[in-house]
Undergrad: 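I'd like to ask you about the structure that follows.
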Amino acid sequence: MVTAITDGVKVSVETIYQPEYSNPANEHFMFAYRVEIANLSDYAVQLLRRQWFIFDSNSSRREVEGEGVVGLQPIIQPGETHVYVSGCNLKTDMGSMKGKYLMKRTMDDLEFDVDIPEFSLVAPYKLN
């Protein structure tokens, strides 16, 4: 698991290779990732947008941007945590992702970026 804290918002990510949804012969490798966003600050925050940078080990790079996460724009109260699971497909059995969330403090509508730490996406057989 990797973790980063930005302006009182802690983002932790863990990944799982999904062989049942992968097809290596067709360069399709599926990974799930679980994100935990903990609000360590003294004010409520809302997650407005996400921006991901996705890297395959063949040097290809993709960018994905959009509103919220898995269809939600959660408001996270001080001391609370929001958890979600999503997925990513790669053309190789190794890669990585990183990104940022656009957050807003609900008390004054101040927007700020929160770092999503870079994490590896690796099929388990590559670790031997």
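Both backbone and side-chain heavy atoms feed into the values below; hydrogens, waters and symmetry mates do not.
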Undergrad: Check residues 63-83 and write down every donor-acceptor pair under 3.5 Å in which the side-chain atom is one partner and the other belongs to a residue at least two apart or another chain.
TA:
{"unit_1": "Glu63", "atom_1": "OE2", "unit_2": "Gln51", "atom_2": "NE2", "d": "2.5"}
{"unit_1": "Gln73", "atom_1": "NE2", "unit_2": "Leu48", "atom_2": "O", "d": "2.9"}

Undergrad: Check which hydrophobic residues are tied to Met1 through side-chain heavy-atom contacts below 4.5 Å, counting indirect links as well, and list them.
TA: none
Undergrad: Listed by chain and number, what are the salt bridge (charged side-chain N to carboxylate O under 4.0 Å, His left out) partners of Glu27, not counting sequence neighbours?
TA: none
Undergrad: Linking Ile, Leu, Val, Met, Phe, Trp and Tyr by side-chain heavy atoms under 4.5 Å, what else ends up with Met30?
TA: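 In the cluster with Met30 are Tyr21.
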Undergrad: Sequence neighbours excluded, which residues qualify as side chain to side chain contact (heavy atoms under 4.5 Å, CB included) partners of Asn26?
TA: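 Here the qualifying residues are Asn23.
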Undergrad: When you check the side-chain N and O atoms of Ser96 and Glu118, is any donor under 3.5 Å from an acceptor?
TA: yes
Undergrad: With Phe31, which residues qualify under ring-ring contact (aromatic ring centres under 6.0 Å, His included), at least two apart?
TA: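 Here the qualifying residues are Tyr17.
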Undergrad: Do other residues, nucleotides or ligands put more than 12 heavy atoms under 6.0 Å from the NZ atom of Lys104?
TA: yes
Undergrad: Show every donor-acceptor pair shorter than 3.5 Å between a side-chain atom in residues 107-114 and any protein atom, with sequence neighbours excluded, or say none if there are none.
TA:
{"unit_1": "Asp108", "atom_1": "OD1", "unit_2": "Arg105", "atom_2": "NE", "d": "3.2"}
{"unit_1": "Asp108", "atom_1": "OD1", "unit_2": "Leu110", "atom_2": "N", "d": "3.1"}
{"unit_1": "Asp108", "atom_1": "OD2", "unit_2": "Arg105", "atom_2": "NE", "d": "3.4"}
{"unit_1": "Asp108", "atom_1": "OD2", "unit_2": "Arg105", "atom_2": "NH2", "d": "2.3"}

Undergrad: Pairs in or reaching into residues 37-66: which pass ring pair (Phe, Tyr, Trp, His ring centres under 6.0 Å), with residues at least two apart or in two chains?
TA: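 Counting only pairs at least two positions apart or across chains, the ring pair (Phe, Tyr, Trp, His ring centres under 6.0 Å) contacts touching residues 37-66 are Tyr33-Trp52, Trp52-Phe119.
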Undergrad: Show me, pair by pair, the donor-acceptor contacts under 3.5 angstrom made by side chains of residues 84-94, not counting sequence neighbours?
TA:
{"unit_1": "Tyr84", "atom_1": "OH", "unit_2": "Tyr101", "atom_2": "OH", "d": "2.5"}
{"unit_1": "Thr92", "atom_1": "OG1", "unit_2": "Asp56", "atom_2": "OD1", "d": "3.3"}
{"unit_1": "Thr92", "atom_1": "OG1", "unit_2": "Ser57", "atom_2": "N", "d": "3.1"}
{"unit_1": "Thr92", "atom_1": "OG1", "unit_2": "Ser57", "atom_2": "OG", "d": "3.1"}
{"unit_1": "Thr92", "atom_1": "OG1", "unit_2": "Met94", "atom_2": "O", "d": "2.6"}
{"unit_1": "Asp93", "atom_1": "OD2", "unit_2": "Tyr125", "atom_2": "OH", "d": "3.0"}

Undergrad: Under 3.5 Å, side-chain donor or acceptor atoms of residues 4-15 against the rest of the protein: list the pairs with distances, not counting sequence neighbours.
TA:
{"unit_1": "Thr6", "atom_1": "OG1", "unit_2": "Asp115", "atom_2": "N", "d": "3.2"}
{"unit_1": "Ser12", "atom_1": "OG", "unit_2": "Thr3", "atom_2": "OG1", "d": "3.0"}
{"unit_1": "Thr15", "atom_1": "OG1", "unit_2": "Ser120", "atom_2": "O", "d": "3.4"}

